[in-house]
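Have a look at the structure below, then the notes.
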Amino acid sequence: MVCQFLTICSLSDITCGGSAIAGDTSQQAASRELLEELGIHYNFEKVRPQFTINFERGFDDYYLIEYDLNLNELTLQTEEVQAVKWASKEEILKLIELKKFIPYYESIIAFLFEGRHHYGSIRL
């Protein structure tokens, strides 16, 4: 799912998210942000991040979940989320090229699509 956010120059992104509150686990923060931004109740308690990317001031945990939903039934946080839609890898890469999407590395987008059904970096 692609979310178009109001707070990041109206660029689309592959994720909803935010920062953890002091004392939160990564799973608690992910659950809270998913509920706040899209109205989805999902228990991450027994889910590990698919991968983590570190940066100068912190890190991002990426959770890849499969969840049956109707986009029209989502409750969008209007202060942050403008719209949501389903998108293929090719559509996302085209939006990045057109500067309408957060400029992720192409390899990250490919990994998200290839690795969404299993943990790890080796194809078994």
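Bear in mind the structure is a predicted one, so any value in this text is a computation, not a measurement.
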If you take all heavy atoms of K89 and I109, which pair is closest and at what distance? CG-CG2, 3.9 Å

Can you list the residues that meet the side chain to side chain donor-acceptor pair (under 3.5 Å) rule with R48, with sequence neighbours excluded? none

Compare every heavy atom of I96 with every heavy atom of P103, then report the nearest pair and how far apart it is. CA-CG2, 4.2 Å

Correct closest heavy-atom pair for L69 and L74 would be CD1-CD2, 4.2 Å

Looking at E80 and Q77, would you say the former's side chain and the latter's main chain have a donor-acceptor pair under 3.5 Å? no

So, taking the atom named CD1 in I102 and the one named CG in L11, what distance separates them when rounded to the nearest 0.5 Å? 4.5 Å

Would you tell me whether S31 and Q28 have side-chain atoms, one donor and one acceptor, within less than 3.5 Å of each other? no

May I ask you to test the F59-N54 pair for a side-chain heavy-atom distance under 4.5 Å? yes

Using side chain to side chain contact (heavy atoms under 4.5 Å, CB included), reason through T52 and Y62 one step at a time and then give a plain yes or no. CA-CA 6 Å; T52 300; Y62 286 80; over 6 Å; no

Heavy-atom closest contact (L38 atom, C16 atom, distance): CD1-SG, 4.3 Å

Below 30° counts as parallel, above 60° as perpendicular, anything between as tilted: where do the rings of F51 and F111 land? perpendicular

side-chain hydrogen bond (donor to acceptor under 3.5 Å, both in side chains) pairs, two or more places apart, involving residues 99-109: D13-Y104

Check step by step if side chain to side chain contact (heavy atoms under 4.5 Å, CB included) holds for R32 and I21. CA-CA 10 Å; R32 184 186 65 254; I21 296 172; 3.7 Å; yes

How about CG on D68, more than 12 heavy atoms from neighbouring residues, nucleotides or ligands closer than 6.0 Å, or not? no

From CA spacing to verdict: salt bridge (Lys or Arg N to Asp or Glu O under 4.0 Å), E97, K94: CA-CA 5 Å; E97 182 183 317; K94 185 66 175 174; 3.4 Å; yes

Hydrophobic cluster identity match, I92 and L112, side-chain contacts under 4.5 Å: yes

With side chains defined as the heavy atoms from C-beta onward, is the minimum distance between D61 and I53 less than 4.5 Å? no

Can you sort out the partners of F44 under ring pair (Phe, Tyr, Trp, His ring centres under 6.0 Å), two or more places apart, ordered by chain and number? Y42, Y63

Heavy-atom nearest pair, W86 first then E91, reads O-OE1, 4.2 Å

Do you know which two heavy atoms are closest between A83 and L76, and how far apart they sit? CA-CD1, 4.1 Å

